[in-house]
Amino acid sequence: MAVVTRFAPSPTGYLHIGGARTALFNWLYARHHQGRFLLRIEDTDRARSSADAVAAILDGLTWLSLDWDGEAVSQASRAPRHAEVARQLLADGNAYLCYASSDELAEMRALAKAEGRPMRYDGRWRDCTDAPPPGVQPVVRFRAPRSGETKIADHVQGEVVVKNEMLDDMVLLRADGTPTYMLAVVVDDHDMGVTHVVRGDDHLTNAFRQYQLYQAMGWPVPEFAHIPLIHGPDGAKLSKRHGALAVQAYRDMGFLPEAVNNYLLRLGWGHGDEEIISQKDAIAWFDLDAIGRAAARFDLTKLTSLNAHYLREADDARLTDLVLARLAADANARLADTARDRIMRGMSGLKQRARTLVDLTANAMFYAVEAPVALAPKAMEALNETAKSHLAALRPLLEAVEPWRADALETAVRAHAAEAPGGDVPLRAIAQPLRAALTGATASPPVFEVMEILGRAETLKRIDDVTTEDAPQH
RNA sequence: GACCCCAUCGUCUAGAGGCCUAGGACACCACCCUUUCAAGGUGGGAACACGGGUUCGAACCCCGUUGGGGUCGCCA
């Protein structure tokens, strides 16, 4: 049978990093088996759902290139079908009407708490033949088995058993006739042909009640895989207030989607000693049974390291576009006409020195702007009097170098350093001031490469800017 | 509190009774390379939570303890 998985977020907020991992695992499993990966928006709680949240979720999945098959299903739109199933359950005696008021429920809750046991509906309407109280809209409750036990063979958690007496009669249809999550998720997963339910292990206890519902309807029960939640760096649960950022936040921080995917994949899943895993390999290797049972902590440093790797591998033109877009958003950047061309040509040298797109953009700034460049404090320090005299002595030589290429420039400057009056000067005594003058920083791509890309005129202008008395200071 | 789940370096993990004096990655330290910074190379410190079993033999199996986590809604 073809594998069908689904990702079923509720649109009450953005797609956070934990949800993204759940989506990734579902996607990977489906693609591994050449099955289908479906998307269902669980919006049965109308009050808390929003179109913005749906848009943010779709945007997040798209950015991670987790494409879903077919149209995203709105769970709310399927309410009539949910009600239909509830009616069938009622007709079959697997459900009943419950007229208990919220006050009565609150009493049960209070009593349960006082007695130190979990809140469970006491089933007072389960077999009640009394006349219903006037004016009360009933809810539909599931008639859950009261004895025996329910067993789930979970792909991650293994075999988990719970005594049926621990489970109460859950609400299927609310007083207003709308379905609850428990009913909707089972009906939809069944109707959509979902074969494997992969979700956070906060749903593990729900799985038992859902299992019973499948049984009551006589439907085949899907395979389950409840994956551990992601924790924050301090081991506490990752919450929106505690590091569970929207995937878009990682995009803004300058991470590449492939790095986020690789990182998320390695969080709770491993394949031998493999660390850098391409999407192709991930699809080939992914397996639910290899998912770890313990919760993992989110480590931004490791994500950053992975990102640096993917940045180095990324296509220059793609990175140039990304950097330019960030530069364009920076109101302070005075972009030169040649910015794109220079950044594109300098990208291979730039990208291997950056860990995020934020770094990359900052480091590309000296290529993007027109002279004079802003000097960082350390660059200013490097440009002391000795350094300036070296630059001044170098200037006429640079004016004459042919061709204006990195290799020729390096040969010329090295020769000049070796022939310097008063013994040879170490190359760095000249290269560092040059770097400071040309890039405004003390670290950059190879300085001769920088010179070639900037061109003779721009190079000389930048040298003049720092060797002239009224050089602009920033 | 009840029920359920989990437990290998700081972090992510490999490990499915002997291959483990526990491997890899990130981070950290040192050295090499080097025009800077990265990258790369080499080396280093760093873990089987604890206590009982079972076994010729346990990181791997069992029990308990401790410590984490999850769930207990007419939310999803």
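Just the heavy atoms: all of them, side chains too, but no hydrogens, waters or symmetry mates, feed the values below. Letters A, B, ... mirror the listed sequences (proteins, then strands); counts begin at 1.
Shown here is A:Arg405, whose CZ atom has no more than 12 heavy atoms of other residues, nucleotides or ligands within 6.0 Å.
Of the two residues contacting RNA chain B, namely A:Arg21 and A:Lys163, the nearest-nucleotide position lying further toward the 5' end is that of A:Lys163.
Atom CZ in A:Phe142 sits about 18 Å away from atom C1' in B:G73, given to the nearest Å. Rounded to an integer number of Å, the gap from A:Gln157 CD to B:A7 C1' is 13 Å. Taking atom NZ of A:Lys302 as the reference point, atom P of B:U11 lies 12 Å away to the nearest angstrom. In this entry the distance linking CG of A:Asp201 with P of B:G69 reads 13 Å, nearest Å. Going from atom CD of A:Glu275 over to atom C1' of B:U11 covers 12 Å, rounded to whole Å. Rounded to whole Å, the distance from CE on A:Met166 to P on B:G1 is 14 Å.
Among the atoms of the strands shown, base atoms are found under 4.0 Å from some heavy atom of A:Val139.
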Nucleotides 38-43 of chain B: which of its N/O atoms have a protein N/O under 3.5 Å away?
| residue | atom | partner | partner atom | Å |
| --- | --- | --- | --- | --- |
| B:A38 | O2' | A:Gln352 | O | 2.6 |

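Comparing the same atom, C1', in B:C32 and in B:A39 gives a spacing of 14 Å after rounding to whole Å. The same atom, P, is picked in B:A16 and in B:C60; the two are 13 Å apart, to the nearest Å. The separation of B:C50 from B:G10, taken at their P atoms, amounts to 13 Å, rounded to a whole angstrom.
Relative ring orientation between A:His203 and A:Tyr181 is described as tilted, the plane-to-plane angle lying within the 30° to 60° band.
OP1 or OP2 of B:U35 sits under 4.0 Å from a side-chain N or O of A:Arg414. The shortest distance between the side-chain N/O atoms of A:Thr44 and the OP1/OP2 oxygens of B:A76 is below 4.0 Å.
Applying the side chain to side chain contact (heavy atoms under 4.5 Å, CB included) test to A:Met182 and every residue at least two apart in sequence or in another chain returns A:Met170, A:Thr180, A:Asn206, A:Arg209, A:Gln210.
Remark: B:U42 base-pairs with B:A30; criterion is Watson-Crick or G-U wobble with both hydrogen-bond distances under 3.5 Å.
Aromatic rings of A:Phe37 and A:Tyr29 (six-membered ring for Trp) have centroids beyond the 6.0 Å cut-off, not under it.
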